[in-house]
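Shown next, in structure tokens, is the structure this report addresses.
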Amino acid sequence: MTALVLAEHDNAELKPATLNAVTAASQLGGDVHVLVAGSGAQAVADAAARIAGVSVVLLADDASYGNRLAENIAPLIVSLAGDYDAIVAPTTTSGKNILPRVAAQLDVAQISDVMKVESADTFVRPIYAGNALATVQSTDSKKVMTVRGTGFPAAAATGGSAEIRTIAAAANPGNSRFVGAELAKSDRPELTAAKIIVSGGRGMGSSGAFSIIESLADKLGAAVGASRAAVDAGFISNDHQVGQTGKIVAPQLYIAVGISGAIQHLAGMKDSKVIVAINKDEEAPIFQIADYGLVADLFQAVPELEKAL
Amino acid sequence: MKILVPVKRVIDYNVKARVKADKTGVDLANVKMSMNPFDEIAVEEAIRKKEAGQAEEIIAVSIGPAQAQETLRTALAMGADRAILIQTDDIVEPLAVAKLLKAVVDAEQPGLVILGKQAIDDDSNQTGQMLAALLGWPQGTFASIVKVVGDGIEVTREVDGGLETVALTLPAIVTTDLRLNEPRYASLPNIMKAKKKQLDVKTAADYGVDISPRLKTLKVEEPAKRAGGIKVKTIEELVDKLKNEAGVI
Ligand SMILES: Cc1cc2nc3c(=O)[nH]c(=O)nc-3n(C[C@H](O)[C@H](O)[C@H](O)COP(=O)(O)OP(=O)(O)OC[C@H]3O[C@@H](n4cnc5c(N)ncnc54)[C@H](O)[C@@H]3O)c2cc1C
Ligand SMILES: Cc1cc2nc3c(=O)[nH]c(=O)nc-3n(C[C@H](O)[C@H](O)[C@H](O)COP(=O)(O)OP(=O)(O)OC[C@H]3O[C@@H](n4cnc5c(N)ncnc54)[C@H](O)[C@@H]3O)c2cc1C
């Protein structure tokens, strides 16, 4: 049994989500190889080779992989799949974009967002916004799956010394082209990797008011999250959305400010270790899952909390 | 250009799913069902393209039980021109849905297929990408803007780091994210008109597609419940609890 993990990276840096995926892949019970498909991505391959438990890194370095277009990367993975029993990617927007394309070309079902590996063919995955957990057994000979970062501890980033093999690029179908990106630049920790998250909801009222969330986050060394309503209202950009259709997070501490606690939001954060809710409505459903609830006006409570730290 | 819009009948997003006592699945008896919210966004986008003169015909298609006709009627009332139901009471996995949709695409030859990025019941987030793979078409997933540019499209996608734009040749697949548009409500006259629009009912066998599942569901359980917490009265108490009880700051 050998599993191939698709590395998450931006050509310069290996992203931490890869480490959780390596752990999930190793729980399948065999060797773990990592595929780095990128452009000028030698440093990423070097980092992948240092991950504990990885025996081989495949580096496909080609201009056509520079932006990880699914149309280009899926055929590469399909061409390698003959050597592997399982193909694993983190449940990131990139993994979600590429892997179903691979599964369909291999004529196997994909198992999405695996939270737990029961055995080499049996997995637990959330359905209905995490309100139910399904244990599914795959009858396909090859397993193709995305794995939820919060379900698996990160493999050690150092200590390994995998062999790096350079492989040729697959044919480029030429039907898609990268035009540009508007990526949020921030010195704050990444949402899915942060130990503490401060999230704001519709209760913030305006994008200007979000500065009190950001200021509290900076005091705590935290990442900034948001509800869908806050993103829809334009208070903050989409990459901050936590929930069923946004990011799934499980920090040590999640502070929900002016967020009511809709099931779609809870789906993204209810596995946090400690949840704090600040809301002026004592009936807000968020209080049902919060470890510590404070019924208060957020415009007073948040600056006060920052001062008290 | 024709646009094909697959729409799925799912549990209403306001309803909290309950697991059946025998752990075989989620209890859907007497539960309010609606069109998957992402698919409403897909229908709306198709209508806007037609209103802009960029498409001539919108075909809604659903795979599901007889009641999925209601979902298709909703799409027709919003503005789709005709509908196809591939009727089945079986659980149809995304790969099988994609194979059926490919057969519909082969028959209808649309220039664009707009799907939801995920169905809110099974949360798979696969079908559009799988259909794209089976057809060898490019895909613009998690779309927040779809523009027809020349003889292709440009799709702005919601990605983990922010937004990304890709240019795709046509025909292509698009999957919708939440902020692509705000779907319209069907007006009463349009609901009446929709009753007269064409709705063909087919079976998987008509398309010669094998839909047998590849995954066996061994059990479906409720996740562990969080133990209820407490209310604190002051910021001082909160900080004290976080420091000394929870030890997280
Ligand atoms: C298909 C679909 C997918 C979705 N996906 C997501 C998702 O991924 N993530 C997500 O978050 N949502 C998602 N939603 C939306 C979700 O249903 C809710 O609408 C949303 O989470 C509500 O956001 P909110 O709690 O910020 O706003 P509201 O529900 O409006 O709550 C605002 C809260 O702020 C409080 N408040 C107001 N003013 C103050 C004040 N001065 N001080 C203190 N408290 C105050 C109010 O008491 C209220 O509880 C989705 C919905 C659908 C249909
Ligand atoms: C334990 C379990 C029990 C289940 N029980 C049932 C059940 O009783 N009844 C039931 O209907 N489903 C049931 N399902 C769900 C069924 O398996 C899913 O329909 C299938 O797996 C597709 O996944 P998805 O809808 O999440 O696909 P996604 O890939 O998330 O869907 C994306 C998009 O594809 C399109 N699409 C997907 N499916 C269809 C469709 N059928 N018709 C038209 N367009 C579609 C839509 O545009 C949708 O937005 C069950 C699943 C599990 C795990």
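Every chain is numbered from 1 and lettered A, B, ... according to where its sequence line falls, protein lines coming before strand lines.
- Put simply, the side chain of Gln137(A) never gets that close to the backbone of Leu215(B): no donor and acceptor are under 3.5 Å apart.
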Walk me through whether Thr217(B) and Thr135(A) qualify under side-chain contact (heavy atoms from CB on, under 4.5 Å). CA-CA 6 Å; Thr217(B) 299; Thr135(A) 304; over 6 Å; no

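- Top candidate by heavy-atom pairs under 4.5 Å with chain B, chosen from Lys273(A), Gln105(A), Glu190(A), Gln110(A), is Gln110(A).
- Interface remark: Ile230(B) contributes backbone and side-chain atoms alike to the contact with chain A (heavy atom separation under 4.5 Å).
- Proximity to chain A is limited to the side chain of Ile249(B), based on heavy atoms less than 4.5 angstrom apart.
- The closest side-chain heavy-atom distance from Leu305(A) to Val239(B) is below 4.5 Å.
- Both the backbone and the side chain of Ile289(A) come within contact range of chain B, each with at least one heavy atom under 4.5 Å from a heavy atom of that chain.
- Figure legend: cation-pi geometry between Lys231(B) and Phe287(A), with NZ or CZ positioned under 6.0 Å from the six-membered ring centre and within 45° of its axis.
- With a 4.5 Å cut-off on side-chain heavy atoms, Arg101(A) and Met130(B) do not count as touching.
- Neither the backbone nor the side chain of Leu191(A) comes within contact range of chain B, judged by heavy atoms closer than 4.5 Å.
- Between chain B and the options Thr146(A), Val231(A), Val124(A), Ile278(A), heavy-atom pairs under 4.5 Å are most frequent for Val231(A).
- Contact of the Val136(A) side chain with the Lys216(B) side chain is not registered, since no non-hydrogen atoms from C-beta on lie closer than 4.5 Å.
- Checking Arg179(B) against Gln241(A) by side-chain atom types alone, a donor-acceptor pair falls below 3.5 Å.
- The contact between Lys270(A) and chain B is made by backbone and side chain atoms together, counting heavy-atom distances below 4.5 Å.
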Between Glu237(B) and Tyr292(A), does a side-chain hydrogen bond (donor to acceptor under 3.5 Å, both in side chains) hold up when you go through it step by step? CA-CA 10 Å; Glu237(B) 192 186 345; Tyr292(A) 305 111; over 6 Å; no

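- A donor-acceptor pair is defined here as one N or O able to donate and one able to accept, closer than 3.5 Å; no such pair exists between the side chain of Glu222(B) and the backbone of Leu133(A).
- Residue Val149(B) does not touch chain A at all, counting heavy-atom pairs closer than 4.5 Å.
- Remark: the backbone N or O of Leu168(B) is not paired with any side-chain donor or acceptor of Asn175(A) at under 3.5 angstrom.
- If you measure heavy-atom distances from Arg18(B) to chain A, you find no contacts under 4.5 Å at all.
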For Val276(A) and Leu238(B), run side-chain contact (heavy atoms from CB on, under 4.5 Å): C-alpha distance rounded to whole Å, both residues' side-chain angles, the deciding distance at 0.1 Å, then the answer. CA-CA 9 Å; Val276(A) 169; Leu238(B) 176 62; 4.0 Å; yes

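- No part of Thr175(B) comes within reach of chain A, as not one of its non-hydrogen atoms sits under 4.5 angstrom from that chain.
- Both the backbone and the side chain of Ile111(A) come within contact range of chain B, each with at least one heavy atom under 4.5 Å from a heavy atom of that chain.
- For the options Asp107(A), Thr92(A), Leu99(A), heavy-atom pairs under 4.5 Å to chain B are most numerous at Asp107(A).
- Note that the CD atom of Glu304(A) and the OG1 atom of Thr234(B) stand 8.5 Å from one another [nearest 0.5 Å].
- The parts of Val232(B) that come within reach of chain A are both its backbone and its side chain, each placing non-hydrogen atoms under 4.5 angstrom from that chain.
- Heavy-atom neighbours of Phe178(A) CZ from other residues, nucleotides or ligands within 6.0 Å: above the threshold of 12.
- Only the side chain of Ile11(B) comes within contact range of chain A, with heavy atoms under 4.5 Å apart.
- Looking at Val166(B) and Leu69(A), their side chains come closer than 4.5 Å, going by heavy atoms from C-beta outward.
- Between Asp160(B) and Lys96(A) there is no salt bridge, since none of the side-chain N atoms of the basic residue sits less than 4.0 Å from a carboxylate O of the acidic one.
- Heavy atoms closer than 4.5 Å to chain A are found nowhere in Lys225(B), neither backbone nor side chain.
- Note on Arg125(A) versus Asp122(B): salt bridge recorded, some NZ/NE/NH1/NH2 to OD/OE distance being below 4.0 Å.
- When each of Asn97(A), Asp239(A), Thr93(A) is checked for a side chain to side chain contact (heavy atoms under 4.5 Å, CB included) with Val159(B), only Thr93(A) meets the rule.
- Counting non-hydrogen atoms of other residues, nucleotides and ligands closer than 6.0 Å to NZ of Lys142(A) gives a total above 12.
- Arg214(B) places none of its side-chain heavy atoms less than 4.5 Å from the side chain of Ser138(A).
- For the set Thr245(A), Val295(A), Val274(A), Leu220(A), the entry with the most heavy-atom pairs within less than 4.5 Å of chain B is Thr245(A).
- Dense packing is recorded around NZ of Lys219(A), with more than 12 heavy atoms of other residues, nucleotides or ligands lying under 6.0 Å away.
- Ranked by non-hydrogen atom pairs under 4.5 Å with chain B, the options Ala104(A), Ala277(A), Pro100(A) are led by Pro100(A).
- Within the 4.5 angstrom heavy-atom criterion, no atom of Ala74(A) approaches chain B.
- Between the CG atom in Asn238(A) and the CG atom in Asp177(B) there is a gap of 7.5 Å [rounded to 0.5 Å].
- Of the charged side-chain nitrogens involved, none lies within less than 4.0 Å of a carboxylate oxygen, so that Asp271(A) and Arg226(B) do not count as a salt-bridged pair.
- Interface remark: Ala17(B) contributes backbone and side-chain atoms alike to the contact with chain A (heavy atom separation under 4.5 Å).
- For the options Asp10(A), Asp140(A), Leu253(A), heavy-atom pairs under 4.5 Å to chain B are most numerous at Asp140(A).
- Other residues, nucleotides and ligands contribute more than 12 heavy atoms inside 6.0 Å of the CD atom of Glu118(A).
- When all heavy atoms are compared, the tightest approach of Gly130(A) to Pro223(B) is O-CG, 3.2 Å.
- In terms of modelled atom types and a separation under 3.5 Å, the side chain of Asp123(B) and the main chain of Ile127(A) share no donor-acceptor contact.
- Here the OG-CD distance, from Ser237(A) to Glu158(B), works out to 9.5 Å after rounding to the nearest 0.5 Å.
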